[in-house]
Amino acid sequence: VQLQASGGGLVRTGGSLRLSCVASGRTFERHTVGWFRQAPGKEREFVSVIGRSTSNTYYADSVKGRFTISRNNDKKSVYLEMNNLQPDDTGVYFCAAVSTILSNWFKTREDDYVYWGQGTQVTVSS
């Protein structure tokens, strides 16, 4: 599986962006997909995850209520809708995927994932 993240950009505080993660390969629907981000000078951190079932989602406390993760298996895509963006949301956002059984979707650690996209830059100005 190869992943391509896109949709980043420069927005003002309170603005919105929608990130996309498009996968290649024939078994995307069997993969759990997560989003991570890395701010300048900081370690990469977990943002959100969606399991094979769209009802299985989880968010970091810092983005809960502002970000929404979703997926469209027909388009081999996972999306991260980001609203009310704050300067602390600035960073490079990465999508990652791992093949899982349906119930084993709760993946929040970097080493849970096998496939990684190249990252897309999100910058929120104050």
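For the single chain, residues carry numbers from 1 onward in sequence order.
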Pairs touching [range] that satisfy salt bridge (Lys or Arg N to Asp or Glu O under 4.0 Å), sequence neighbours left out:
range	result
residues 105-126	Arg44-Glu110, Arg109-Asp111, Arg109-Asp112
residues 88-98	Arg37-Asp89, Arg66-Asp89
residues 92-105	none

### Query
Is a side-chain N or O of Arg71 found less than 3.5 angstrom from the main chain of Gly51, in a donor-acceptor match?
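Side chain of Arg71 to backbone of Gly51: a pair is present.
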### Task
Could you tell me whether the side chain of Ser77 and the main chain of Lys75 form a donor-acceptor pair under 3.5 Å?
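Yes.
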### Query
Does the side-chain contact (heavy atoms from CB on, under 4.5 Å) test come out yes or no for Val49 and Val33, once each step is laid out?
CA-CA 6 Å; Val49 60; Val33 178; over 6 Å; no
### Task
Decide side-chain contact (heavy atoms from CB on, under 4.5 Å) for Val92 and Thr120; before the verdict, give the C-alpha distance in whole Å, the side-chain angles of both, and the deciding distance to 0.1 Å.
CA-CA 5 Å; Val92 179; Thr120 184; over 6 Å; no
Non-neighbouring partners of [X] that pass side-chain hydrogen bond (donor to acceptor under 3.5 Å, both in side chains), sequence neighbours left out:
X	answer
Thr57	none
Asn56	none
Gln121	Thr123
Asn84	Gln86

### Query
Cluster question for you: counting only ILVMFWY and a side-chain heavy-atom cut-off of under 4.5 Å, with indirect links fine, are Val98 and Trp35 together?
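Per the 4.5 Å side-chain linkage, Val98 and Trp35 are not co-clustered.
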### Query
Would Val122 and Phe46 show up in the same hydrophobic cluster when neighbours are defined by side-chain heavy atoms closer than 4.5 Å?
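Hydrophobic grouping puts Val122 apart from Phe46.
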### Message
Looking at every heavy atom in both Leu80 and Ser48, which two are closest together, and how far apart are they?
### Response
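Looking at all heavy atoms of both residues, the shortest contact is CD1-CB, 4.2 Å.
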### Task
Indicate the atoms forming the closest heavy-atom contact of Ala39 with Thr90, along with that distance.
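Shortest heavy-atom contact: CB-O, 3.6 Å.
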### Query
Considering residues at least two apart in sequence or located in another chain, which fulfil the side-chain contact (heavy atoms from CB on, under 4.5 Å) criterion with Gln118?
Gln4, Ala5
### Query
Among pairs that include at least one residue of residues 90-126, which meet ring pair (Phe, Tyr, Trp, His ring centres under 6.0 Å), considering only residues two or more places apart or in two chains?
His31-Tyr115, Phe36-Tyr113, Phe36-Trp116, Tyr58-Phe106
### Side-chain touch Ile69/Tyr59, heavy atoms, less than 4.5 angstrom
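The answer is yes, as the side chains (C-beta and beyond) meet within the 4.5 Å cut-off.
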### Query
Taking C-beta and beyond as the side chain, do Thr68 and Tyr79 meet within less than 4.5 Å on heavy atoms?
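Heavy-atom side-chain distance check fails, nothing below 4.5 Å.
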#### Entry: Non-neighbouring partners of Lys42 that pass salt bridge (charged side-chain N to carboxylate O under 4.0 Å, His left out), sequence neighbours left out
none
Under 3.5 Å donor-acceptor pairs involving side-chain atoms of residues 9-28, not counting sequence neighbours:
unit_1, atom_1, unit_2, atom_2, d
Thr13, OG1, Ser125, O, 2.8
Ser16, OG, Asn83, OD1, 2.9
Ser24, OG, Gln2, N, 3.2

### Task
Nearest 0.5 Å please: distance from the CG atom of Asn73 over to the CZ atom of Arg52.
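The CZ atom of Arg52 is 9.0 Å from CG of Asn73, to the nearest 0.5 Å.
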### Task
Kindly give the cluster partners of Ile101, where membership spreads through any ILVMFWY side chain lying under 4.5 Å from a current member.
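Result for Ile101 is none, singleton.
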